[in-house]
Number of protein chains: 2
Amino acid sequence: MSARKRVSLKDIAAACKVSVATVSKALNDQADIGQETKDLVRETAEAMGYFPNFAAKALKTNRTYNIGLLFMDDSQSGLTHNYFARVIESFKKKIEEKGYDLTFISNNRSSQGYMSYLAHARYRNFDGVAIACVDFYKPEVEELVRGNIPVVTIDHVFNDRSAIISDNVMGIKDLLTYIYEMGHRKIAYIHGSDSAVTQSRIKSFYKTAMDLGLEIPDEYVLEVEYRDTVGAQRATEKLLELSDRPTCILYPDDFATFGGINAIKQKGLRIPDDISIAGYDGIDIAMKYSPQFTTIVQDTDLLGRKAAEKLIDSIENPRTTLSEQVIVPGHLNEGETVKRLIS
Amino acid sequence: MSARKRVSLKDIAAACKVSVATVSKALNDQADIGQETKDLVRETAEAMGYFPNFAAKALKTNRTYNIGLLFMDDSQSGLTHNYFARVIESFKKKIEEKGYDLTFISNNRSSQGYMSYLAHARYRNFDGVAIACVDFYKPEVEELVRGNIPVVTIDHVFNDRSAIISDNVMGIKDLLTYIYEMGHRKIAYIHGSDSAVTQSRIKSFYKTAMDLGLEIPDEYVLEVEYRDTVGAQRATEKLLELSDRPTCILYPDDFATFGGINAIKQKGLRIPDDISIAGYDGIDIAMKYSPQFTTIVQDTDLLGRKAAEKLIDSIENPRTTLSEQVIVPGHLNEGETVKRLIS
DNA sequence: TAATTTTCCTAAAACGTTTTCGTAACTTGA
DNA sequence: TCAAGTTACGAAAACGTTTTAGGAAAATTA
């Protein structure tokens, strides 16, 4: 009820009959304050319901303990993207443990007119910035990365900047090898549209196929947007109409896989008895669905945690921290959507 | 490369040979500054790459243009919850248009020890707070709501505080009525565990059933956690084993509905030919899945927007804004999972 | 005892803004 | 021509911290 004024160091100082400086140092546990005074100050602060004024502190120290997160642009799905949502969730948890907060970076602000991402980040004085799930080729993103704020990117590497990426090469290799070992020889691959992730996956796909001695006809490889259920459905239809149709289809992500399921069901075919499929990501519903998806489960938890650790490290030890790429392996969830053809 | 020092009002003042006060006023477009001076100051500021120091401004004005978002606790699914993620997405967009930023509220910070949500919100000096997808009965949440920061809650009403809620009463009514009109008389209802949302849905369910002259045997009504696929699967199995089994099952959310689908498929039954089902929420995959879910699509966009408008209104016009509950209707997506039994 | 060191505290400046109040210069009206 | 009003600007205080540079008193040493 009583909307008392916020208590400041000055108030505590008055109550304790010491100087403001002493109070500040006592609360920050500096060495040159006596134990008794420290105790007194802390107790009084507690009793008076004191908490620091973030703005004043930030103004003075030039540290906000706030991290900016660039997480989507209009064309993307942002928060609703299950895979990234989980990475961010883990990232957030980790930085909060270390006393940081998370604020979204954007660029539409009415007051000061248009702000670039970098301008926004500078304005808010973020200690560091994390970037995920955006169009990395946008000049504005590049500008942000090149600004002099510590930065970590997720699933994309910028030269000379820290990045956390999931191991798409290993992922595709494990997945394809598993499918091969299950006896499949006619394997189609619907992949995502152009991005760093897609590229490494495609390369790994062809490389692994070659190593296994697999022949991949051109018509077995199609391109579709990420998370494009309808597109994946169409692509699947095309594959099913081929005279020599594949026995297994790989999808760029689990969401797209559902498009494949739709197409297959509409053809009256059963999974995996008539045709096998495999996804990527290991999103919640893919693991709960029956038949459970054969998919590469990305270690979103580790991805987020590593990103947090790396970023905070470069914030707190700017000189000794070198930018580095961390590759996080996923693991194969065998699931039930790939049929064993040989034993 | 040149990490030049940040330019401040003082620098601009020096460059323009006017006082700091004048620069500040010119940039804020105050009336008592001549047009020529304003132009000069603004051009110089622009040329020097000036942008305001957020911390200093916040310290002085006690306004941060930052909104706190409390969005989950450990037991919940937070960001990965598709329905809420979409609401937040829309909320975020709206507040950004108005020049606000969004920061997560949490309570684990190492530096100052444990902080309650309210303490955190006060520390960061949020202009307002939005709460969604949390355990509203936690004392700490209550404390935050009762703190003197403008607040809006989503899908839960606190006495005397603004809230945006989706119209669960109408939703269930429309859904049940539709199913009735399709000819179903034996309708089961798996509902979520205790919450404000669940309560209004259950009431609406029984009320509508009564109005329609429907008899609902007790064994047709089961309780399951929200988004609990496995639980919903078990519950569905129970229903399918009943001697007089329902012709249609309602689920608390689309995610749980997938559990039902699993159970039904494993029984060798088809949807909707052998049994009909209906979900709630209208999450992405439910709309893309085949058969497309019969479900109530929540207007997440409007929910988020309304929440943003309400909150900003009560921030900017604290006296004239009265706390109010806004009820946002969803709409029925007829989909393909409820079979027509009569014509 | 005197010199030195250590312990504990303070005054004051600074961070970058906003805002109040004052005032000089110019304009207006009678 | 003079009083009153208007316009355009500046000086200075304030917001709540941190930090530097001292310095008085107490403890230690010689």
Side-chain angles (χ1 to χ4, degrees), chain A residues 4-42 44-45 48-66 99 111-112 119 122-127, chain B residues 4-42 44-45 48-66 99 111-112 119 122-127:
Chain A
R4 275 173 317 168
K5 211 167 151 9
R6 183 170 175 149
V7 6
S8 71
L9 291 189
K10 206 193 290 181
D11 303 321
I12 302 177
C16 294
K17 303 202 183 302
V18 295
S19 76
V20 174
T22 304
V23 176
S24 171
K25 290 199 225 175
L27 291 175
N28 289 330
D29 206 17
Q30 302 260 1
D32 64 345
I33 299 295
Q35 192 54 49
E36 285 178 30
T37 322
K38 275 185 188 173
D39 291 343
L40 172 64
V41 166
R42 283 193 209 147
T44 330
M48 296 177 73
Y50 170 81
F51 48 93
N53 181 309
F54 151 75
K57 196 178 236 172
L59 175 59
K60 192 63 190 156
T61 62
N62 223 23
R63 290 270 274 129
T64 56
Y65 281 90
N66 199 3
S111 53
Q112 300 287 332
R122 286 220 234 265
Y123 167 64
R124 284 282 173 194
N125 232 297
F126 295 131
D127 290 341
Chain B
R4 273 174 318 167
K5 208 165 152 12
R6 182 171 178 148
V7 5
S8 70
L9 291 189
K10 206 193 288 181
D11 303 320
I12 302 177
C16 293
K17 303 201 184 300
V18 295
S19 76
V20 174
T22 303
V23 175
S24 170
K25 291 196 234 178
L27 291 176
N28 289 330
D29 207 16
Q30 301 262 1
D32 65 343
I33 299 294
Q35 192 54 50
E36 286 179 30
T37 322
K38 275 185 188 174
D39 291 343
L40 171 64
V41 167
R42 285 193 208 147
T44 328
M48 296 176 74
Y50 169 80
F51 48 92
N53 181 309
F54 150 76
K57 196 179 238 173
L59 176 58
K60 194 60 191 156
T61 62
N62 223 22
R63 289 269 275 129
T64 55
Y65 280 91
N66 200 3
S111 52
Q112 299 288 331
R122 286 221 235 266
Y123 168 64
R124 283 283 174 195
N125 231 296
F126 296 130
D127 291 342

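Protein chains get the first letters and strands the later ones, always in sequence-line order, with residue 1 at the start of each. The analysis underlying the following values was restricted to heavy atoms, covering all of them including side chains, and did not include hydrogens, waters or symmetry mates. It should be emphasised that the depicted structure is a prediction, and the values quoted were computed from it without experimental measurement.
- Recorded end-axis angle for the helix from C/dT1-D/dA30 to C/dA30-D/dT1 stands at 40°, based on five pairs per end and rounded to 10 degrees.
- Closest non-hydrogen pair, B/T37 versus B/T22, comes out as CG2-CG2, 4.0 Å.
- Per the geometry, CG belonging to A/D29 stands 13 Å off P belonging to D/dT18, to the nearest Å.
- The line from CD1 of A/I33 to CG of A/L40 is 11.5 Å long, rounded to the nearest 0.5 Å.
- Regarding A/Q30, its CD atom lies at a distance of 13 Å from the C1' atom of C/dC9, rounded to whole Å.
- Nearest heavy-atom pair, A/A55 versus B/A58, reported as atom, atom and distance to 0.1 Å: CB-CB, 3.9 Å.
- Look at CD on B/E36: it is 10 Å from P on D/dA8, rounded to the nearest Å.
- Note that the CZ atom of B/R63 and the CG atom of B/N125 stand 10.5 Å from one another [nearest 0.5 Å].
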Listed pairs, N/O of protein and of nucleotides 13-17 of chain D, under 3.5 Å:
{"residue": "D/dA14", "atom": "N3", "partner": "B/K60", "partner atom": "NZ", "Å": "2.7"}
{"residue": "D/dT17", "atom": "OP1", "partner": "A/Y50", "partner atom": "OH", "Å": "3.0"}
{"residue": "D/dT17", "atom": "OP1", "partner": "A/N53", "partner atom": "N", "Å": "3.4"}
{"residue": "D/dT17", "atom": "OP2", "partner": "A/L9", "partner atom": "N", "Å": "2.8"}
{"residue": "D/dT17", "atom": "O5'", "partner": "A/Y50", "partner atom": "OH", "Å": "3.2"}

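- Note on B/T22: a side-chain N or O is less than 4.0 Å away from OP1 or OP2 of D/dG10.
- Although no hydrogens or angles enter the test, the distance criterion places a donor-acceptor pair under 3.5 Å between the side chain of A/D127 and the main chain of A/Y65.
- Partner of B/Y50 under the side-chain contact (heavy atoms from CB on, under 4.5 Å) criterion, out of B/T44, B/L27, B/V23: B/L27 alone.
- The main-chain N or O of A/S8 is found under 3.5 Å from a side-chain atom of A/D11 such that the two form a donor-acceptor pair.
- The side chain of A/A21 sits closest to C/dA12 out of C/dC9, C/dA12, C/dC21.
- In this structure, B/Q35 places its CD atom 9 Å from P of D/dA8, rounding to the nearest Å.
- A donor-acceptor contact under 3.5 Å links the side chain of B/D32 to the base of D/dC9.
- Annotation for A/F54 and B/Y123: closest pair CB-O, 3.0 Å, computed over non-hydrogen atoms.
- The nearest pair of heavy atoms linking B/R6 to B/P52 is NH2-O, 2.9 Å.
- Atom P of nucleotide D/dA12 and atom NZ of B/K25 are separated by 15 Å, given to the nearest angstrom.
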